[in-house]
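Just so it is clear: chains get the letters A, B, ... in the order the sequence lines come, proteins before strands, and each one is counted from 1.
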Amino acid sequence: MAKRYWLFKNEPDCFSIDDLVKAPDQTAEWEGVRNYQARNFLRDEVKKGDEVFFYHSNANPPGIVGVCKVVRDGYPDPTALDPESRYYDPKSTSDDPRWYMVDVQLTRKLSDIIPLSTLKAAPGLESMMVTQKGSRLSIQPVTADEWRTIMKLVRRM
DNA sequence: GCCAACGTTGGC
DNA sequence: GCCAACGTTGGC
């Protein structure tokens, strides 16, 4: 299976690129995804070795702030079973886990954010999911062309 | 804080 | 299975 590319969104108030920088081994569990379409990606399609843009949503400005790598395939998200967790879901059980997550490791934090406005203006990213109006999915596939286009912006920084 | 877009729930 | 009501996301 060829390596694939993704964009993972997070609100920096919740878990930011700096939290990943500070994490042990600069590795974190991408927990708390509670959307079925995103869940299906995490469970079935996001694989170890895939590369990921770390995106800050609900931020000023929103945009891509880092690059990371998937280091563990999808597995059941234990926070769904923890009544103390903000991600607790009483309908999920250990026999029939409803929610999945992967582990990611930092590759690099960008020296500057690539704002959403830059992505929207960049030739070649017109049909990228994150540049579309109303795009709410928190786990988004990125095409190899889109990945290359954005990495060119990264190298220019 | 506003509000458009989207997802989920639940009555029927 | 439809769809109105409601809740959430996320840019601005």
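Note: CD (A/Q37) to C1' (C/dT9) measures 14 Å, nearest angstrom. One atom, CH2 of A/W99, and another, C1' of B/dT8, lie 10 Å apart when rounded to the nearest Å. Atoms CZ (A/R34) and C1' (C/dG7) sit 17 Å apart, rounded to a whole Å. Rounding to whole angstrom units, CG of residue A/D89 and P of C/dT8 are separated by 14 Å. Rounded to an integer number of Å, the gap from CE of A/M129 to C1' of C/dT9 is 15 Å. One atom, CG of A/N58, and another, P of B/dA5, lie 17 Å apart when rounded to the nearest Å. Rounded to an integer number of Å, the gap from CG of A/N35 to P of B/dA5 is 19 Å. The CG atom of A/L137 sits 13 Å away from the P atom of C/dG11 (whole-angstrom rounding).
For A/Y36 and B/dT9, the shortest distance from a side-chain N or O to OP1 or OP2 is not below 4.0 Å.
Here the side chain of A/R136 is nearest to one of B/dT8, C/dC12, C/dG7, namely C/dG7. When distances are taken from the side chain of A/K133 to each of C/dG11, B/dA4, C/dG10, the shortest belongs to B/dA4. The nucleotide whose nearest atom lies closest to any side-chain atom of A/K120 is, among C/dC12, B/dG7, C/dG10, C/dC12.
Between A/Y87 and A/W99, a ring centre-to-centre spacing not shorter than 6.0 Å is recorded. The aromatic ring centres of A/Y100 and A/W30 sit 6.0 Å or more apart.
The two residues A/L7 and A/M128 come nearest to each other via the heavy atoms CD1-CE, 4.0 Å. Nearest heavy atoms, A/Y88 versus A/D82: CB-O, 3.1 Å.
Across the interface with DNA chain B, nearest-nucleotide mapping of A/K91 and A/G134 shows A/G134 to be the residue nearer the 5′ end.
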